[in-house]
Amino acid sequence: MTYLKVYDGWLKSKKDREWCHQYFINSRNMKKVEDIRNQLQGYCKQGKIPLVSCEQELTAVARCLCTAFYSNTATIAPDGKSYRMEVTAQEVYLH
């Protein structure tokens with residue numbers, strides 16, 4: 001959600017490099033974000049998927065992210081040192 005707000009701020013600043021400097025944001029990375037966004041928009045147009053903004057209602061975005069990343073969730077194991085993946089029950093460690 002923070003990244004969406006940063007992107008919106010960057011757009012409102014008219015993609016100003018000084019705005020990026022003021023908020024400690026790499027302006028090249030913002031251009032990459034814009035390129036990826038444009039690429040995704042192109043895929044949606046090719047697939048005839050309507051582009052609809054959720055405006056400030058970020059619940060839909062949060063649900064989408066949770067659904068997309070659910071397979072990567074894990075809970076801490078009883079030993080307190082490892083984690084178990086929710087979907088596969090595979091034991092994993094943080095490094």
Side-chain angles (χ1 to χ4, degrees):
M1 306 304 169
T2 301
Y3 290 137
L4 285 174
K5 291 185 181 200
V6 168
Y7 182 75
D8 286 341
W10 182 64
L11 289 178
K12 286 177 186 170
S13 77
K14 298 180 181 162
K15 305 174 186 177
D16 184 28
R17 292 184 85 185
E18 193 57 40
W19 182 90
C20 291
H21 182 73
Q22 179 182 352
Y23 291 102
F24 305 100
I25 296 168
N26 188 317
S27 60
R28 284 188 210 140
N29 287 348
M30 294 308 298
K31 292 197 183 292
K32 286 182 185 179
V33 167
E34 184 175 44
D35 290 343
I36 292 168
R37 183 179 186 275
N38 291 337
Q39 186 179 21
L40 291 172
Q41 276 185 322
Y43 291 146
C44 287
K45 286 179 184 177
Q46 283 178 350
K48 297 183 178 152
I49 299 169
L51 298 174
V52 180
S53 174
C54 66
E55 299 297 329
Q56 296 301 315
E57 180 53 44
L58 298 179
T59 304
V61 177
R63 284 184 182 164
C64 178
L65 291 172
C66 288
T67 301
F69 290 111
Y70 177 73
S71 62
N72 293 331
T73 59
T75 55
I76 194 158
D79 66 7
K81 297 179 182 177
S82 63
Y83 293 82
R84 290 237 180 257
M85 298 293 293
E86 290 293 328
V87 176
T88 63
Q90 177 183 7
E91 188 174 0
V92 294
Y93 294 90
L94 296 178
H95 56 86

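Counting from 1, the numbers follow the sequence of the chain as shown.
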Cluster overlap L58 with L65, hydrophobic side-chain contacts below 4.5 Å
yes
One should read off an interatomic distance between I36 CD1 and K31 NZ, to the nearest 0.5 angstrom, of 14.0 Å
Side chain to side chain contact (heavy atoms under 4.5 Å, CB included) between V6 and M30: does it pass, once the steps are laid out?
CA-CA 9 Å; V6 168; M30 294 308 298; 4.1 Å; yes
To the nearest 0.5 Å, how far apart are NZ in K15 and OG in S27?
12.5 Å
Quick one: OG1 on T73 to CZ on F69, what's the gap to the nearest 0.5 Å?
11.5 Å
Check whether any side-chain N or O of R84 sits under 3.5 Å from a backbone N or O of T75 as a donor-acceptor pair, and report yes or no.
no
Less than 4.5 Å apart, side chain to side chain, heavy atoms only: is that true for Y83 and E91?
no
Pairwise side-chain contact, I25 with W19, heavy-atom cut-off 4.5 Å (strictly under):
yes
Return the CD to CG distance between Q22 and D16, rounded to the nearest 0.5 Å.
9.0 Å
All heavy atoms of L51 vs all of C44, minimum pair found to be CD2-CB, 3.6 Å
Hydrophobic cluster membership, Y23 vs Y7, 4.5 Å side-chain cutoff:
yes
